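For clarity, every value in this text was computed on a predicted model and none was experimentally measured.
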Amino acid sequence: MIYMPAINQASEMSRNSIARLFEPLPKFRLTDAVREQMLPSDSAPKRIFLLSPANIAGIRAGQIMSGHARSDLAIRLRDGGALLGEVFSFISGLYFRGKLAYARAFSEVPPAIPGAFVITACGGLVPPEALVTLEQLREISAAAVDTANASYRRPLGRDSRILSELAGTGCQIVLLGSIATPKYGAPLLEIFGKRLFFPAEFAGRGDMSRGGLMLRCVNAGVQLTYVPLASATRHGPKPPKLAALARRKLNSPNHRPPGAGVDHGF
């Protein structure tokens, strides 16, 4: 158990449940950014996003998880902790970064609940603003993301049940992750049922295309179309290629960041 303890009875899902869902382990510290998200929201429709994790087995993960890495992010990750969302956005520079930007732009949350959670491999649901150390990052990413793996499924089910109770029946839970396989959809549908949605535009797109699409939506201030996962078509023809985004000018016109062209998202 990495992020929070389980609860035994639904009757406890009140003030104690809120504390348990968002109370970190000793080294997990929620920042002011999360506390600002937890202020009561207005009467708009409520929507919380669940983000699939980045894959720490890739090249870019190795650049910050090495004990000898000297980048600012790597040093912070080793010495005191870095935001989980920041770490995963570096590892998956388009897909996860797009998911996180989209969730921050379009979440509409009930009082006292963050607008987004990251689905982790064996740590349940963790807010992207949680500070994680290198050791904790390895712990919550140690299992296979597989519905047959209890180390993955148990914490996810535990935290999803708490979130389901806190969010209430009027809140949409939107999955920003793969819908072509059951690894996220199956365990989440067991808890959220008809409240679980995904963007219809994800069907037929690969990870890189989804990431680019979400960043374009954020820039335009336009949301995707959310459809219930239980009854929706999850596969479709490959859509037309997205138009290129305007790139920021870098110091060198031939600059290519390490790991460019490979996005290590799930």
Quick one: are [X] and [Y] in side-chain contact, heavy atoms under 4.5 Å?
| X | Y | result |
| --- | --- | --- |
| Phe117 | Leu51 | no |
| Ile48 | Ser107 | no |
| Asp207 | Arg210 | yes |
| Val126 | Asp159 | no |
| Leu163 | Ile191 | no |
| Arg47 | Phe197 | no |
| Thr120 | Pro53 | no |
| Val174 | Pro199 | yes |

Give the minimum heavy-atom separation between [X] and [Y], together with the two atoms involved.
| X | Y | answer |
| --- | --- | --- |
| Thr147 | Ala186 | CG2-CB, 4.3 Å |
| Leu137 | Phe88 | CD1-CE2, 3.7 Å |
| Leu100 | Ser89 | CD2-OG, 3.7 Å |
| Asn55 | Ile91 | O-CG2, 3.4 Å |
| Ala61 | Ile56 | CB-O, 3.2 Å |
| Pro155 | Cys122 | CG-O, 3.8 Å |

Interatomic spacing from [atom1] in [X] to [atom2] in [Y] - rounded to 0.5 Å:
| X | Y | atom1 | atom2 | answer |
| --- | --- | --- | --- | --- |
| Gln172 | Lys46 | CD | NZ | 11.5 Å |
| Ile75 | Arg70 | CD1 | CZ | 4.0 Å |
| Met65 | Leu73 | CE | CG | 11.0 Å |
| Phe202 | Ser209 | CZ | OG | 9.5 Å |
| Ile173 | Leu196 | CD1 | CG | 8.0 Å |
| Leu77 | Ser66 | CG | OG | 11.0 Å |

Under a 3.5 Å distance rule, please check whether [X] uses its side chain to pair with a backbone N or O of [Y] as donor and acceptor.
| X | Y | answer |
| --- | --- | --- |
| Arg216 | Val222 | no |
| Glu165 | Ile162 | no |
| Ser160 | Leu156 | yes |
| Arg205 | Glu201 | yes |

Arg161 with Glu190: basic N within carboxylate O range, under 4.0 Å: no
So, are Arg76 and Glu86 salt-bridged, with charged N and O less than 4.0 Å apart? yes
Cation-aromatic face contact Lys194/Phe192, 6.0 Å, 45 degrees: no
Face-on cation placement of Arg60 at Phe90 ring, 6.0 Å and 45° thresholds: yes
Decide side chain to side chain contact (heavy atoms under 4.5 Å, CB included) for Ser92 and Arg97; before the verdict, give the C-alpha distance in whole Å, the side-chain angles of both, and the deciding distance to 0.1 Å. CA-CA 7 Å; Ser92 175; Arg97 180 167 61 90; over 6 Å; no
Evaluate Phe49 against Tyr102 for ring pair (Phe, Tyr, Trp, His ring centres under 6.0 Å), listing each step before the verdict. CA-CA 9 Å; Phe49 293 94; Tyr102 188 92; 5.6 Å; yes
Side-chain donor-acceptor pair under 3.5 Å between Ser178 and Lys183, yes or no? no
If you measure only the distance, is there a donor-acceptor pair under 3.5 Å linking the side chains of Ser71 and Gln63? no
Can you list the steps and then say if Phe198 with Leu176 is a side chain to side chain contact (heavy atoms under 4.5 Å, CB included)? CA-CA 7 Å; Phe198 80 99; Leu176 299 182; over 6 Å; no
Could you walk me through whether Tyr95 and Ser52 pass the side chain to side chain contact (heavy atoms under 4.5 Å, CB included) test, one step at a time? CA-CA 10 Å; Tyr95 187 31; Ser52 60; 4.2 Å; yes
Assess whether atom CZ of Arg78 is packed by more than 12 heavy atoms of other residues, nucleotides or ligands within 6.0 Å. yes
Evaluation steps, side chain to side chain contact (heavy atoms under 4.5 Å, CB included), between Tyr184 and Ile119: CA-CA 8 Å; Tyr184 304 122; Ile119 301 168; 4.1 Å; yes
